[in-house]
Structure formats: structure tokens, C-alpha cells
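Note: hydrogens, waters and symmetry copies are ignored here, and every other heavy atom, side chains too, is used.
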Amino acid sequence: MGVLGIILLLLGVVVFFVGGIKMFSKNKVKKIKGLKIFASGTVAILVSLVLIGVGFSGDSSSDDKQASKEVSTDTEEPEEKEEEQANITKEQYENVQIGTTQDQIKKELGEVTEDNVVQSKGRTMWSYSDDNFGLAYIYFSNKDKKVVLKSELGLLSEDSNTETSENGTVDLNDWKVQVKDIAGSDKSETEKFDEVSKLAMEYSLTDQELKEFEDYIVNEYKTNNYLKDIHNDEHMLTNIFKSTAIDEHYSSSTPIKEFAFDFLQNTKYTYRGAEVVGSQFVLANEDQMNTSLALMK
């Protein structure tokens, strides 16, 4: 708008002077034309001044907006307060004893914030972490404010996962513990089977474990114990874990792999209720198991 106004102003000035000169002509016709030209020039000058004024006003407004934007941009947002995490070292965790009072833990490990405190089932849990993303949890009885349980994940070592109570320390990475936990859950037989199968497929057997597992399932079958109580979750899931681990261990067909596979089929389907003990399916698999046993001798 400002540039257009300046151009119009220059044009208006020229027209203004041309008209002014013609106004003083002795020729009446030229004089009248000069008057009209003079008037046009005057109007052009006035309009140009208006346009120039609007242009400068707009530029000023834009500058103000830009300045406002810059001020807004330069204004720093208040930083969000980072959640404070109570710290603990491996040595401090190992020194926590079952029965220690809450006040003593506070004295040794320091105060914990509300974010590090969880209330559940008559117990209060305080959570901690170390500098390497290890986690520790101390549980207090709400009755006497003493430690009743402590657990850690990746604190004692990179893959550690232990839980300590008055009954001792349990390695939660131990497949026996995990199978027992799954067996005691409220999930269906199918869900429990799926979880144990996944656990077994991801498990790496040592040479000693492989021999122990193989001897175990063979003995379970020979003593007619493997389907004796199909409603015993822990027993059936243990058999499922061991036979699955053996089957997964061998990359090519062997008599023990074939035996473990048929053992697993009978255990799986009777446990899940898809087959009954003594069915044609079960008996057919047992015939195959007998064949595999003969080849193992």
C-alpha cells in the first residue's frame, strides 16, 4: 500500500502542476481543461497520502506483531519438574534385612517422595533405582512398619531378578519359580499352557539340564505318572515345559525328540481338556513313544 501511494503521489504532483500551468492559459478551452487536470492532480495527491498513511500503519503493525512474536518466542517455558527418584546401591540393597524398621531404612537410604510410595494389601512399598537402571522395592508391613519383603530387577547384576522374604531369596528368573507362578494364577489352562510354552521355547538348556529333562520325561512315562493327575497344574505344566524344551533343543529328528513331541501332545491335549486319558489319540501317541524308546536303547 505504501509503494502504490508514493507512485500515485508522484503522478498526482505532475498532473497538479500541468493543470496549474494550463489554468493560466488565455485560451478559455485550455483554461477549463487545465482546471480539470489540476483538480485530478489534487485528488490523486490526497488519495496517495491516504494510501501512504495506511501503508506505514500496516508496516508498523507488522513490526509490532513481529516484535511480539519475538518476545513470545524468547520467553522461556517453565521447565517441567523432573520426577525425583530415590537412589540405592547394590551394597545398600544387600544390607537391607527382613525385620528392619521403616525409620532405620529412611535413615540409611534417605527420604522417599510420594511418587516412590505405593500402598497395597496391608503393605507399603518404597521404590528405588541405581545409576544403571536397576530397580529395588522395599515392602513394609503397615502393622509394625517393618520390612517384610524386598525385590530387585537388574540391581545385583544385569539380568538379576530376585525376591527376598523371611523364607529366603528366590531367583524369579528360575523356570521352576515362573512355572509355579503361572500354575497358581487365575488364568485358564489354555492361557497357562501358552505362557509355559513360550517360556520353554525361549529357554536355553545346559547339557546337564538336557540329560536331566530327558531322563525325567522317560521316567514319567514308564511309571505311568505323566497323565496320572491331569488337573494338577504345576505337575502338568512342568511336564509341558520340559518336553517342549527338549523338542526345541534338537534341530533335526532324533528318537528322544520324537518321544518328547508325542509326550508333549498327550500332556497338552489332556491338560487343556481336548482329549481324555485312554483316547485313541493318546494311545496312538503312546505307540509312537514306545517305538522311540526302543530306538533309544
Side-chain angles (χ1 to χ4, degrees), residues 73-187 191-192 194-210 237 241 244-245 248-249:
T73 302
D74 292 339
T75 302
E76 294 184 359
E77 293 284 341
E79 294 184 1
E80 292 185 6
K81 186 177 180 181
E82 294 185 0
E83 181 179 314
E84 295 182 7
Q85 179 68 47
N87 294 323
I88 193 171
T89 65
K90 174 183 175 180
E91 292 72 22
Q92 288 175 321
Y93 177 81
E94 290 176 328
N95 289 333
V96 173
Q97 302 297 319
I98 303 301
T100 303
T101 65
Q102 196 174 80
D103 288 338
Q104 186 63 31
I105 295 297
K106 185 185 298 183
K107 180 180 179 181
E108 294 177 359
L109 301 181
E111 190 78 32
V112 292
T113 66
E114 292 183 3
D115 293 330
N116 302 117
V117 178
V118 176
Q119 300 281 350
S120 65
K121 297 181 180 179
R123 300 190 302 188
T124 299
M125 182 192 79
W126 289 2
S127 63
Y128 300 85
S129 68
D130 66 3
D131 296 331
N132 297 313
F133 305 105
L135 299 172
Y137 306 95
I138 311 298
Y139 297 82
F140 303 92
S141 166
N142 289 342
K143 184 177 181 180
D144 58 12
K145 307 296 183 183
K146 291 183 179 181
V147 177
V148 292
L149 181 74
K150 69 175 184 177
S151 64
E152 59 81 27
L153 182 63
L155 183 70
L156 299 180
S157 64
E158 185 178 353
D159 299 318
S160 63
N161 184 13
T162 63
E163 184 176 89
T164 302
S165 66
E166 61 180 3
N167 297 320
T169 298
V170 175
D171 182 0
L172 298 179
N173 286 331
D174 187 341
W175 68 266
K176 297 176 185 177
V177 175
Q178 296 180 67
V179 168
K180 185 175 182 178
D181 287 342
I182 295 170
S185 70
D186 295 330
K187 297 177 181 178
E191 290 172 325
K192 292 178 181 180
D194 289 340
E195 287 192 26
V196 169
S197 295
K198 183 176 184 296
L199 185 65
M201 289 177 182
E202 296 174 351
Y203 191 78
S204 297
L205 285 169
T206 64
D207 291 341
Q208 181 180 345
E209 284 177 320
L210 178 62
L237 291 172
F241 179 88
T244 300
E248 288 291 319
H249 177 80

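Scanning for side-chain contact (heavy atoms from CB on, under 4.5 Å) contacts around Asp194 gives Thr190, with sequence neighbours left out. Listed by chain and number, the residues in a side-chain contact (heavy atoms from CB on, under 4.5 Å) with Gln178 are Leu199 (sequence neighbours excluded). For Lys180, the side-chain contact (heavy atoms from CB on, under 4.5 Å) partners at least two apart in sequence or on another chain are Glu234. In this structure, Tyr139 has no ring pair (Phe, Tyr, Trp, His ring centres under 6.0 Å) partners at least two apart in sequence or on a different chain. Glu111 is linked by a side-chain hydrogen bond (donor to acceptor under 3.5 Å, both in side chains) to nothing, counting only residues two or more places apart in sequence or in another chain. Qualifying side-chain contact (heavy atoms from CB on, under 4.5 Å) partners for Gln208, counting only residues two or more places apart in sequence or in other chains: Thr206, Glu212.
When all heavy atoms of Val148 and Ser141 are compared, the pair lying nearest together is CG1-CB, 3.8 Å. Minimum interatomic distance between Ala136 and Tyr93 (heavy atoms only, all atoms of both residues): CB-CD1, 3.8 Å. In plain terms, the two heavy atoms of Ser127 and Ala86 that are nearest each other are O-CB, 3.8 Å.
Remark: the Glu248 side chain and the Tyr203 side chain contain no N/O donor-acceptor pair separated by less than 3.5 Å. For the residue pair Asp171/Thr162, the side-chain donor-acceptor check at 3.5 Å is not satisfied.
Rounding to the nearest 0.5 angstrom, the gap separating the NZ atom in Lys107 from the OG1 atom in Thr100 is 12.5 Å. With rounding to the nearest 0.5 Å, the separation of CD in Gln119 from OG1 in Thr124 is 3.5 Å. With values rounded to the nearest 0.5 angstrom, Asp144 atom CG is found 10.0 Å from Gln102 atom CD. Between the CG atom in Asn132 and the OG1 atom in Thr89 there is a gap of 11.5 Å [rounded to 0.5 Å]. We find the CG-OG distance between Leu210 and Ser204 to be 12.0 Å, quoted to the nearest 0.5 Å. Distance CG/Asn161 to CG/Asp174: 11.0 Å, rounded to 0.5 Å.
Between Leu109 and Gln92, some side-chain heavy-atom pair lies under the 4.5 Å cut-off. Residues Ser129 and Asn87 form a side-chain contact, since some pair of their non-hydrogen atoms from C-beta on lies under 4.5 Å apart. Side-chain contact between Leu156 and Glu94 is present, with heavy atoms from C-beta onward closer than 4.5 Å. When side chains are defined from C-beta on, Arg123 does not count as touching Val118, because their heavy atoms never get closer than 4.5 Å. Looking only at side-chain heavy atoms (C-beta outward), Thr244 and Met201 come within less than 4.5 Å of each other. With a 4.5 Å cut-off on side-chain heavy atoms, Met125 and Ile138 do not count as touching.
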Are Glu152 and Ser160 close enough, and set up right, to give a side-chain hydrogen bond (donor to acceptor under 3.5 Å, both in side chains), and what steps lead you there? CA-CA 7 Å; Glu152 59 81 27; Ser160 63; 2.8 Å; yes

After noting the C-alpha distance and the side-chain angles of Asp130 and Lys90, does the key distance pass the side-chain contact (heavy atoms from CB on, under 4.5 Å) rule? CA-CA 8 Å; Asp130 66 3; Lys90 174 183 175 180; over 6 Å; no

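For the pair Lys146 and Phe140, the cation does not sit on the ring face, since its NZ or CZ is not both under 6.0 Å from the ring centre and inside 45° of the axis.
The ring of Trp126 has its center no closer than 6.0 angstrom to the ring center of Tyr137.
Lys150 places no side-chain N or O within 3.5 Å of a backbone atom of Thr164 that could act as its donor or acceptor partner.
Put simply, the residue from Asn116, Leu135, Val112 that forms a side chain to side chain contact (heavy atoms under 4.5 Å, CB included) with Tyr128 is Val112.
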